[in-house]
Amino acid sequence: MRQWREHQLTLATVLSVGLTVVAAAPAVVPNALAGPAESPGPDSAVVVKTWGLPPVLPVFSCAGGPVLLAPTKPLATEPSDYYAIELVPTGRVPGTRLSSGVAYSTAALSPFFGVALTPTGEYLHNLEIQIEGLKAPRAGAYVAWITDTEISQIVRLGQLDENFRASGQTGWNKFLVVITREPSMEPKSAWEGPIIMRGMSRSGRMHTLAGHGPFQAEPCAKYGFR
Amino acid sequence: MILVIAVTTFSAHWIEPSHPQKESLRHPFEAVEVQGMQHEGHAMSPVEPGTWRMPPMGDMPMLPGLEMAIPPDEPYLPGLGIDPDMFPMAVPNEVLNLEDGDQITLEASLVRREINGKPYVMYGYNGQYPGPLIRAPQGATIIVDFTNNIEMPTTVHWHGLRLANPFDGVPDVTQPAVQPGEAFRYEVHFRDSGIYWYHPHVREDIQQDLGLYGNMMVAPPNENYYGPAHREEVVILDDILMDDAGLMHFGASTPTHALMGRFGNIMLVNGATDYSIDVKRGEVVRFFLTNVANSRTFNVTFGNAKVKVIASDVSKFEREQWVQSVVIAPAERYVVDVLFDQAGVILIENTIQAIDHFRGEFFPHVDLLGRVTVSEERVAEDLSARFGGLREHDDVQTDIAAYREFFGKAPDIELETTLRIRDLPLPIVLSMEFEKGLYVPPMEWNDTMPMMNWLSTGKQVTWILRDRNTGAENADNHWSFSVGDVVKIRIFNDPESIHPMNHPVHIHGQRFLVTEIDGVANPNLVWKDTAIVPVGTTVDFLLDVTNPGDWMMHCHISEHLQAGMMLQFHVDE
């Protein structure tokens, strides 16, 4: 269902300003156990490695315990579903009521390979929208949008492809993902057709604790909430 | 309002009975004026000497049920109750330009510091803040005769250096802790060029936070190793937690703030609050940044100046890269070049989106770190054209190319990060469960829950690095490698734990590459010794095992480390 690698690699490349592809095939193939012999390279600040032949396969042992070999079931490298956004059908459009969908949200890569931020510190979220159970519209197109929680700003992510997928990126802290059926394929600044699915970012679950949970007795009005 | 504070009761076992400072530290009573309420709702007594004060809460109300709560430990501050004038005034650090074979002395001692015009008793190396900047050429070995003249045991860890194991500074692993009044000789070898730092490996949450840190600048033999710049600035980023009455107490036997780590509310650059430099228009300044904060990850911005990142912990990047900000986690280092081509004042800031969990909101927050005043006068040598290009670092690429064979291998070790809590006050547990169901960010940029965080100590919180295949946790892991091994360590930061948080993971005495996050290949590699593992992500470390001995791997949030989040591995020759 997911196509993380291709999508994120593309975004990572886009984010990496000035990036050029480097053919990095080693001249000499190293081995895990054959220790590197170091010698000064042409640039004396650099250590160039040359490698001997592999005597045996690598084994990593726990001292006093069983030999620890490479796990047979590696930990999945796919992003956690924790930040995934469930897309819920509105039931307003025939043929869409039984659909289901997810907008997978992951932190975008940064040049430092931690999280990527906007200049003002917001996370950059990669979005991968995948919808199942839809039928192609008889007319127009399904289009994915994101909007802030006040619906004061709207960004068109793009038309769903033939597999009902779309992708994009946002730097908003809290946001809604909206899928609409648009009467035409012409790009618009805001949707005109009916909403068929919508979902909210995990961060959107945060709301004031005044009057809720451990702060049940705390008056909301004191903090400007109604 | 007058708050009278006396020295705390020293219940900590680290005080040697014969230590000469012991008695002087117990001199009681000092009057401090409190300039306003920062702790509304808490029933702490402001007139009881040497008692806990909860951290400032801003406009966040007290969590119901915690009005009487204090951490289950004795409060501790060095020199509490003593007239700060009894201690020597710390001075800005000196630069020690050293050559191979040189010998220096390094002393940890109590010092007087002035922050925002107020005196505090803190620590210093050689009476300085930060500690002396050690400059040495790559390949050099120096001798450091260290003396401990603070009131608790300590060591010196030479962070990021691939030095001989006996000098790594880990108590009970590579050496006994240096007791008060005792000494230890370190042989410090500089195998790699770049910016490194030194700090204690005993109660970092106190000792490091109160000033025991310094940089090491290892010069490459090739003067063209970096691109051209007009000047170099060594910048240490830190924060410290205070209220109007002074420094917030630490736990005497265990750290407070064990959940999120201790976030400070005063930003320090090179130990001061007034960092500034004057440059001429057109100057290219190379900043060597080090984050020594206990827990805070900074997002450093330089106004509208053009910034490119050059290097990080143990090497240059494969290629230079333009950036809009520098995200730097505790213990990480970055080298960035900044062009100041417009006259005026450029602010260096920590620019974040903080979270207020009570209000359920993100809010933009900016901490001023420093000022760069750019004059109208143009710099003599125009480097803007050369600055405008992005250099490929062939030396780094050649080095890393020898490891690409291993990028696709299955992980040798799989770790997950989680935590275990016990005996926390019920309102905190309920609140944690409530908030967990809402949202946990990939990174924590501010202390979103000051009261809960303060009340959680290392007695109640255990942070865990767990091997997913053996189930071994923290110190129960005993990995064994040999020099020449290339080991893939996959780390998953579980977002479903009771209180997930980002972890800057540090590996001693070796170097590693972050090859992938969530299965996505890193397009611009750099040799690291510390790297962020954000919440919900899976990060692959490719460890280059080059250095024999017994080494540590741990989270570099000081309170997480003290709360158990570390393990040990052995490397054979």
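The chains referred to below are lettered A, B, ... by the order of the sequence lines, with proteins before strands, and numbering in each begins at 1.
Note that CD of Gln353(B) and OG1 of Thr118(A) are 6.5 Å apart. Values are rounded to the nearest 0.5 Å. Here OG1 of Thr208(A) is found 8.0 Å from CG of Asp356(B). Values are rounded to the nearest 0.5 Å. The distance from the OG1 atom of Thr120(A) to the CD atom of Gln324(B) is 9.5 Å, given to the nearest 0.5 Å.
The closest side-chain heavy-atom distance from Ile355(B) to Met206(A) is below 4.5 Å. Between Val535(B) and Tyr83(A) there is a side-chain heavy-atom pair separated by less than 4.5 Å.
When all heavy atoms of Leu438(B) and Arg202(A) are compared, the pair lying nearest together is O-NE, 2.9 Å. Of all the heavy atoms in Val115(A) and Pro442(B), the pair that sits closest is CG1-CB, 4.2 Å.
With a 4.5 Å cut-off on non-hydrogen atoms, Thr301(B) touches chain A through its side chain but not through its backbone. For Pro427(B), no part lies under 4.5 angstrom from a heavy atom of chain A. Residue His357(B) touches chain A through both its backbone and its side chain, counting heavy-atom pairs closer than 4.5 Å.
Here Pro441(B) is the residue among Pro441(B), Pro364(B), Ala472(B), Ala354(B) with the most heavy-atom pairs under 4.5 Å with chain A. Most heavy-atom pairs under 4.5 Å with chain B: of the set Pro119(A), Gly204(A), Ser201(A), Ser203(A), this distinction falls to Ser203(A). By number of non-hydrogen pairs under 4.5 angstrom with chain A, the leading residue of Ile400(B), Val326(B), Leu430(B) is Val326(B). Comparing Val440(B), Val526(B), Val533(B) by how many heavy-atom pairs each has under 4.5 Å with chain A, the most go to Val440(B).
Relative ring orientation between Trp445(B) and Tyr123(A) is described as tilted, the plane-to-plane angle lying within the 30° to 60° band.
Within 6.0 Å of the CG atom in Asp572(B), the count of heavy atoms belonging to other residues, nucleotides or ligands exceeds 12.
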